[in-house]
Engineer: 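Mind having a look at this structure? Questions to follow.
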Amino acid sequence: MIKQLNTQDFPVANRTYKDGLFRLVFQKKEDLLSLYNAINSSNYSNPDELEINTLDNVLYLSMKNDLAFLISGTMNLYEHQSTFNPNMPVRGLMYFSKLYEKYIAANGIDIYTSSPKKLPFPQYIVFYNGTENEPDRSVLKLTDLFNMPSSPKTPCLECIAIMLNINYGHNMVLMEKCRRLKEYAIFVDTVRKELLTGLPLEESLSCAVDSCIGNDILKDVLIKQKAEVIQMILETYDKELHDKTLRREGYEDGYSKGKSTGYLEGINDGIRQLISALQEVNIPRESTLLKLQEKYDLSQEEAEKYMAEYWKE
C-alpha cells in the first residue's frame, strides 16, 4: 500500500541546472514510480497511488532534497548531486528527522506511550552526476564521519546513503530498467559535449536540446519546456564571462594594452576565466585541458601548469 505524506512548503534556493532538471524529468508520478521500480526490482503499476512529498531547504537555504515519498511502508529519500559530497549521510539524518516528525504528526502517533510504534523503513538514494570518476555504487555511512573514541564504543546513530553514478555509461542495467533515467543521462552528456564545440553558449545549448528531441531523448519535456531547460543551464553561467573567454578576449585585452606585461596579464586572465567557466558546468578536467591547448596553442605541460593554478579541486 502506498501512503500519503502531507506536503509543506519551504523557501526555494538557487539550483544548479542538473538539480532542477532532475526534478523536472521526474515530476510525473509514473516516471518516479518507474525509477523506484528499477532501483528496487519491484513492479508497482498504479502511479495514482503515489504521493510525492518534496522538502526544499529543510534546515538551511543551502540544504535541500529532491524527492521523498512513501510506498509500501518505505520512506524513500532521493537526492541528486553534481559534486561528490561525503557528508550526505549527515544531510540524510537531518532530512529523515524532519520527515519522521511530519509523518508522526500527520498520523497522530503518540510516541510517549509504553507500546512500540511502527515507522516506515527508511531508504536513502543519492544520484551522482558529477565529472569525477566515481564507481557505479558507493555506500556512505554517517558513522564514518564520527570522531571515534580511543576505547571501542558503539555509536547510537547511523544513516546510510547509497550513491549511484548516473553518468551515461554507468549503471547500464539500471538505465535499461528505467528509460527515463537513461534519457536524462544522455541529455546531460550531450550538453557537455556541445559546450566543448566552441559555439556561442545559447547556440550550443539549443543544438543539444534539438539533437535530443530528434533522437527521442526527453522529447516530451524538451518540446514543452525547451526555454525553461535552457534557462536552467544558463543560470549556472555568467554569459558575459563565457562569451569573453570563448572569443579569447584575454589576447585582445593584452594587445590593446600595448605592453608585454599587459599582454601576458590578458592571456592569463582569459585562461583563468575559461577554466572557471568550463568547470562551472562540470566539464571534465581532461576536456578542459584539451580546450586550453586548442584555444591558446599551449603544450600539454604549459596547459597543466595553468590547470594546477586555476582548477579548483
Side-chain angles (χ1 to χ4, degrees), residues 5 7-39 47-48 50-58 61-69 71 76-83 95 125-131 163-168 170-171 174-175 177-195 201-202 204-237 239 280-282:
L5 280 176
T7 302
Q8 179 177 346
D9 294 327
F10 292 85
V12 179
N14 293 332
R15 305 168 177 169
T16 61
Y17 83 88
K18 291 191 295 299
D19 294 326
L21 181 61
F22 186 78
R23 299 187 190 201
L24 187 64
V25 168
F26 289 100
Q27 64 182 328
K28 295 181 180 179
K29 291 181 180 180
E30 55 264 34
D31 293 323
L32 180 56
L33 189 59
S34 172
L35 180 61
Y36 176 88
N37 283 334
I39 291 173
D48 290 333
L50 179 65
E51 181 67 24
I52 301 173
N53 173 38
T54 302
L55 300 179
D56 287 309
N57 313 296
V58 176
L61 289 180
S62 61
M63 296 180 60
K64 62 181 182 295
N65 67 44
D66 287 324
L67 300 169
F69 55 93
I71 182 170
N76 303 273
L77 178 61
Y78 288 177
E79 277 211 86
H80 180 286
Q81 288 288 302
S82 56
T83 56
Y95 292 142
I125 306 294
V126 176
F127 298 97
Y128 172 75
N129 196 240
T131 57
M163 188 178 81
L164 302 176
N165 189 336
I166 58 169
N167 282 295
Y168 187 63
H170 290 268
N171 277 303
L174 179 65
M175 299 287 181
K177 290 181 179 179
C178 182
R179 172 68 184 179
R180 197 69 162 180
L181 185 63
K182 182 179 181 179
E183 291 182 14
Y184 168 77
I186 292 174
F187 175 73
V188 173
D189 185 64
T190 303
V191 168
R192 286 172 175 163
K193 289 177 179 176
E194 286 294 338
L195 288 171
L201 177 57
E202 292 190 45
S204 63
L205 297 181
S206 183
C207 286
V209 171
D210 291 341
S211 173
C212 286
I213 291 175
N215 289 294
D216 200 22
I217 302 298
L218 299 182
K219 187 174 182 179
D220 58 330
V221 172
L222 297 179
I223 288 179
K224 293 180 180 179
Q225 296 172 278
K226 177 177 180 179
E228 182 179 352
V229 170
I230 291 178
Q231 184 60 33
M232 286 179 183
I233 306 175
L234 288 174
E235 285 176 356
T236 69
Y237 254 85
K239 186 175 183 301
E280 179 70 21
V281 289
N282 293 320

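Just so you know, these numbers use all the heavy atoms, side chains as well, and skip hydrogens, waters and symmetry mates. By convention here, the first residue in the shown sequence is residue 1. Quantities reported herein were computed from a predicted structural model and do not represent experimental measurements.
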Engineer: Looking at every heavy atom in both Arg192 and Asn167, which two are closest together, and how far apart are they?
Structural biologist: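 Where Arg192 meets Asn167 most closely, the heavy atoms are NH1-OD1, 2.9 Å.
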Engineer: Quick check: do Asp31 and Val25 have side-chain heavy atoms less than 4.5 Å from each other?
Structural biologist: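 No; the side chains remain at least 4.5 Å from each other.
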Engineer: Would you say Pro47 and Leu33 make side-chain contact, with heavy atoms under 4.5 Å?
Structural biologist: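 SC-SC contact between Pro47 and Leu33 confirmed.
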Engineer: When you compare the side chain of Glu79 with that of Tyr95, does any pair of heavy atoms fall below 4.5 Å?
Structural biologist: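 The answer is yes, as the side chains (C-beta and beyond) meet within the 4.5 Å cut-off.
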Engineer: Where does the angle between the aromatic ring planes of Phe22 and Tyr184 fall among parallel (under 30°), tilted (30 to 60°) and perpendicular (over 60°)?
Structural biologist: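 Perpendicular, since the angle between the ring planes exceeds 60°.
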Engineer: So does Asp216 pair up with Arg179, basic N to acidic O under 4.0 Å?
Structural biologist: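 Looking at Asp216 and Arg179, the cut-off is not met.
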Engineer: Does Thr190 reach the main-chain N or O of Ile186 with its side chain, forming a donor-acceptor pair under 3.5 Å?
Structural biologist: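 At least one qualifying donor-acceptor pair exists.
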Engineer: Do Tyr78 and Phe26 come close enough that some side-chain heavy atom pair is under 4.5 Å?
Structural biologist: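 No, every pair of side-chain atoms sits at 4.5 Å or beyond.
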Engineer: Do Arg180 and Leu32 come close enough that some side-chain heavy atom pair is under 4.5 Å?
Structural biologist: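 No. Closest side-chain heavy atoms not under 4.5 Å.
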Engineer: Side-chain contact, heavy-atom cut-off 4.5 Å: Lys226 with Ser206?
Structural biologist: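 Counting from C-beta outward, Lys226 and Ser206 do come under 4.5 Å.
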Engineer: Which heavy atom of Cys212 sits nearest to which heavy atom of Leu222, and what is that distance?
Structural biologist: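 In terms of heavy atoms, the two residues are closest at CB-CD1, 3.7 Å.
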Engineer: Taking all non-hydrogen atoms of both residues, which atom of Glu183 and which atom of Leu218 are closest, and how far apart?
Structural biologist: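 Shortest heavy-atom separation between Glu183 and Leu218 comes out as OE1-N, 2.7 Å.
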Engineer: Shortest non-hydrogen contact from Phe187 to Ile217?
Structural biologist: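 Phe187 and Ile217 have their closest heavy atoms at N-CG2, 4.2 Å.
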Engineer: Any donor and acceptor pair, going by atom type alone, linking the side chain of Asn129 with main-chain N or O of Ser82 inside 3.5 Å?
Structural biologist: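 Checking the backbone N and O of Ser82 against the side chain of Asn129, no donor-acceptor pair under 3.5 Å is found.
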Engineer: Tell me the closest heavy-atom pair linking Met175 and Ile166, and the distance in Å.
Structural biologist: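 Closest approach of Met175 to Ile166: CE-O, 3.4 Å.
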Engineer: Would you mind reporting whether Leu21 and Val229 have side-chain heavy atoms less than 4.5 Å apart?
Structural biologist: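 Yes, side chains in contact.
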Engineer: Say you draw a straight line from CD of Glu30 to CG of Asp48; how long is it, rounded to the nearest 0.5 Å?
Structural biologist: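 So the gap between those two atoms works out to 8.0 Å.
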Engineer: First locate atom CG of Asn215, then atom CG of Asp210, and finally report the distance between them rounded to the nearest 0.5 Å.
Structural biologist: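 Here the interatomic distance stands at 11.0 Å.
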Engineer: Residues two or more places apart in sequence or in another chain: which of them pass side-chain contact (heavy atoms from CB on, under 4.5 Å) with Glu228?
Structural biologist: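 Residues passing side-chain contact (heavy atoms from CB on, under 4.5 Å) with Glu228: Leu24, Gln225, Met232.
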Engineer: Applying side-chain contact (heavy atoms from CB on, under 4.5 Å), can you list everything that pairs with Asp189, at least two apart in sequence or on another chain?
Structural biologist: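 So Asp189 forms a side-chain contact (heavy atoms from CB on, under 4.5 Å) with Tyr168, Lys193.
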Engineer: What distance do Leu181 atom CG and Asn171 atom CG have between them, rounded to the nearest 0.5 Å?
Structural biologist: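 Taking CG in Leu181 and CG in Asn171, the distance rounds to 8.5 Å.
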Engineer: Is any side-chain heavy atom of Leu201 less than 4.5 Å from a side-chain heavy atom of Leu195?
Structural biologist: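 Leu201 reaches Leu195 side chain to side chain.
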